[in-house]
Amino acid sequence: MATTAPEIMDRVAALELLDSRLRWLSAWTIHHANHVRPKRDGLKVGGHQASCASMSAIMAALYFDALGPRDKVAVKPHAGPLLHAAHYLLGTQTRDQLERFRGLGGVQSYPSRTKDRVAVDFSTGSVGLGVAATAFTSLTQDYLIAHGAVAEDDAGRMIALLGDAELDEGNIYECLIEGYKHDIRNTWWIVDYNRQSLDHTTADRMFRRFDDIFETCGWRVVTLKYGKRQLAAFAQPGGASVRDWIDTCPNADFAVLTYQGGAAWRARLTVDIGDRPHVAALLGRFDDAALADLMTNLGGHCVATLTQAFAAAADERPTLFIAYTVKGFGLPLAGHKDNHSGMMTPTQIAALRDTLGIAAGDEWEPWAGLDDNAGEALRAFIAGSALAARSPEPRAPVVPVPPIPAPEGAEQSTQAAFGRVLLDLAKSGAPLADRLVTTAPDVTQTTNLGAFVNARGLFRRSAVADVFAGAKVPSAQKWSGHAAGQHIELGIAENNFFLLLGSLGLAAPHFGTRLIPVGTVYDPFIARGLDALNYACYQDARFLLVGTPSGLTLAAEGGAHQSINTPLIGIGQPGLTAYEPAFADEVAAIMEHAFAHLQAEDGGSVYLRLTTRTIAQASRADDEWRPGALAGGYWLRPPAPGAAAAIAFSGAVAPEARAAWDALADDLPGLGLLNVTSPDLLHRGWSAARAARACGAAPGNAHVETLLAPLAADAGLVTVLDGSPAALSWLGGVRGHRVSPLGVDRFGQTGDLTDLYRTYRLDVDAIVDAAAELFIAR
Ligand SMILES: Cc1ncc(C[n+]2csc(CCOP(=O)(O)OP(=O)(O)O)c2C)c(N)n1
Ligand SMILES: [Mg+2]
């Protein structure tokens, strides 16, 4: 705890001044971007002055007092300007960056690990996700401790500062349940309980319900409802009545009175409890301004209350702090119904500046309005805080990737090949194998992770026996858990799965040790966790995601389990390279590449879309296919120069594409057969090459341009995949070729493969017909 304040100022006084500095700087940063900086587009810039003001005391107490050197914080997205203000006071953020808040290259609207220039532990933006990320990062820390990569004494606390409306997000409760199963510790969630969201005032029925929910899941709940001045008033004659009144005051009434101010408080209190003993005398001792101050002196605005509460929760038990606050505290926006996006007028901000004694023109001066001694004292105070003592994020060494041989077998499925590669790695003793962490949302066995888990065990901080094995019940699965295990078993909630992948995938920058997370999920249920996947990618977390089984090829499983649009997700998701291999040797090559790519400085995460369909493997004369497969596609049958047509396919429909090629080759001499292993990479490369050419730099061709170059200018392409046809139909735009796209764009249904491929036009006949259509249409 920081106690370095010079004698002229005690700790609480320093934190109170810092609270008001943070509130001012955050308000001014937002004001400047909206009212001072010249505008070119007439659009509102935005920012959330009320949401910041609500939490400035919490920020001051946490960042300048309670924070430990290894603690990590997820800051409520719309309180981002407070985080930057704290760094500005510390000297680690520049005025130029603040002046460019929400402008190109300036401070981001919401804290961003990758785009902001100050240390951001967790990006936030989509409410609820940053909160849960702290719990999964604590689990990641426990995993690293158990595996000897982090010392127990070096464990930090994972802290979320959240808005109360974030508690409406379902992912919070999914996380609570999963966290309880894994005995989560070292996690604090601090709720800015201002009881206002964007549209609403929190339902009064929720009062104390959060206590029940969190306590049931093993959390300690600390409610910080009253500030010190309120507590002092409650101790006076008549005070108990005021306290009872506050405790039963509906949230909306409290907000209205806060907005209306001292006279309104007095009138209402007088009507409601003025006839109770000593109340009139008590109220009479406060003028209107002092009464308004008293009634809004809530726990979340009282740094003394906050620092005491934080210090008292020093053990590792997960803790929920419910800090009562006023949205827009200290601003004319306080309590107003529409204050979420509300902004002070130039007149109002000038008035606020005047009350702080800041001269016009000195708005950015960190210590303006304070005498020199006070400014110097505060500078010294924060220089001694834990925020100042934090080291930059570590750089973790790269783990060497061994060659990954292709699984043997003339007939294989890509899903089985994936499982085989992991098992072989587990047995190999390669250093990379020790860094693998697998996880799945209750689909470990049906996604072929089981063999790896048998070899490496389930991860549990405290050993868990395999009761079935103990009772000698025969099973292919060994399901005992121990601290050295490498599979983190999750319940079925896919949001948790993606949040955990995101946390494991940040182990390198967060803890200095690389983990290689591998997660499997049924391909259609990627959609269930899509925002959490996007969030993980936005943070530049690195992991291998395997969506399997996929597509209509699941046949008998029916339309509820057959993924259709995941290839488009693969194309559309930044930070994630999507592959859909057809053959087992491609799976091995892509996994080898992926393990390096997800460790590379300019790399990213990788998504494999796989299938359980066992198909005849391609016979290979050499390894020439390999670079093309990694780059997104290669010719399984190269077209003759000037060829009039080609078939382009991805994944499970390889047998149909090959058979159609056989059927058409005589009629269409020089017909090409293109195996597109990554529509995503081909499209991305095409965009990048065009952008580079537009900038006059690197005029080279994209891989897809080179691939399609041999075809005649007026050639036709048949594209086919078990997924949305749009994932490949764009190929026609690359060189202006005509396209006849096949794929799935209706819900699937049950059936066998023959019936379904015929019904949905993925069979050989459909491909032959699609080729004919290209030429008949000419
Ligand atoms: C997933 C998601 N949905 C909606 C939004 C838009 N949004 C941003 S803040 C907010 C309300 C937040 O209220 P609260 O958490 O109570 O924060 P406060 O500003 O009151 O502190 C909403 C709806 C969002 N950022 N993320
Ligand atoms: Mg709120």
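Counting starts at 1 for both ligands and their atoms, in listed order. This structure is a prediction, so every number in the text was calculated from the model and none was measured.
- Ligand-side atoms of ligand 1 in range of His78: 9 (S), 12 (C), 17 (O), 18 (P), 19 (O), 21 (O), range being under 4.0 angstrom from any heavy atom.
- Within ligand 1, the atoms closer than 4.0 Å to a non-hydrogen atom of Glu169 are 1 (C), numbered from 1 in the order shown.
- Considering backbone and side-chain N/O of Ser126, none are found under 3.5 Å from N/O of ligand 1.
- Residue-level proximity to ligand 1 for Gln196 is carried by the backbone, the only part with a heavy atom below 4.0 angstrom.
- Residue-ligand proximity, Ser197 to ligand 1, at heavy-atom distances under 4.0 Å covers atoms 13 (O), 16 (O).
- Rounding to 10 degrees gives 120° for the angle at the Mg ion (ligand 2) between OD1 of Asp164 and O of Gln196.
- Side chain to side chain, Arg117 and Thr94 fail the donor-acceptor criterion of an N or O pair below 3.5 Å.
- Among all protein heavy atoms, the one lying closest to atom 21 (O) of ligand 1 is Lys76 NZ, 2.7 Å.
- A distance below 6.0 Å separates the ring centres of Phe321 and Phe310.
- Taking the six-membered ring for Trp and the full ring otherwise, Phe122 and His510 have centroids separated by under 6.0 Å.
- Listed by number with element, the atoms of ligand 1 under 4.0 angstrom from any heavy atom of Asn194 are 18 (P), 20 (O), 21 (O).
- For ligand 1, the atoms lying closer than 4.0 Å to a non-hydrogen atom of Glu166 are 15 (O).
- Distance alone, capped at 3.5 Å, is enough to place a donor-acceptor pair between the Gln97 side chain and the Gly105 backbone.
- Closest to atom 19 (O) of ligand 1 among all protein heavy atoms lies Ser51 OG, 2.6 Å.
- For the Mg ion (ligand 2), the N/O/S atoms of Asn194 include one lying under 2.8 Å.
- In the vicinity of Asp192, heavy-atom distances shorter than 4.0 Å reach the ligand 1 atoms 21 (O).
- There is no protein heavy atom less than 4.0 angstrom from atom 5 (C) of ligand 1.
- Taking atom 7 (N) of ligand 1 as the reference point, the nearest protein heavy-atom neighbour is Leu198 CD1, 4.1 Å.
- Scanning the protein for heavy atoms near atom 25 (N) of ligand 1, the closest one is Gly125 O, 2.9 Å.
- In this pair, Trp219 and Trp189 present their aromatic rings tilted. The plane angle is within the 30 to 60° band.
- Less than 6.0 angstrom separates the ring centroid of Trp265 from the ring centroid of Phe254.
- In this structure, atom 8 (C) of ligand 1 lies nearest to the protein heavy atom His340 NE2, 4.2 Å.
- Ranking protein heavy atoms by distance to atom 26 (N) of ligand 1, first place goes to Val127 N, 3.1 Å.
- Side chains of Asp164 and Thr202: a donor-acceptor N/O pair is present below 3.5 angstrom, by distance only.
- Geometric assessment of Arg102 against the ring of Tyr110 yields a positive cation-pi assignment under the 6.0 Å and 45° thresholds.
- By the criterion of a heavy-atom distance under 4.0 Å, both the backbone and the side chain of Asp164 are placed next to ligand 1.
- Other residues, nucleotides and ligands place more than 12 heavy atoms under 6.0 Å from the NZ atom of Lys228.
- Within a 4.0 Å radius of atom 12 (C) of ligand 1, the protein contributes one or more non-hydrogen atoms.
- The aromatic rings of Phe329 and His301 sit parallel, their planes meeting at an angle under 30°, below the 60° perpendicular limit.
- Here the CZ atom belonging to Arg528 is positioned 12.5 Å from the CG atom belonging to Leu530, to the nearest 0.5 angstrom.
- Relative ring orientation between Trp24 and Trp28 is described as parallel, the plane-to-plane angle staying below 30° on a 0-90° scale split at 30° and 60°.
- Distances below 4.0 Å separate heavy atoms of Ala165 from the following atoms of ligand 1: 12 (C), 13 (O), 14 (P), 15 (O), 16 (O).
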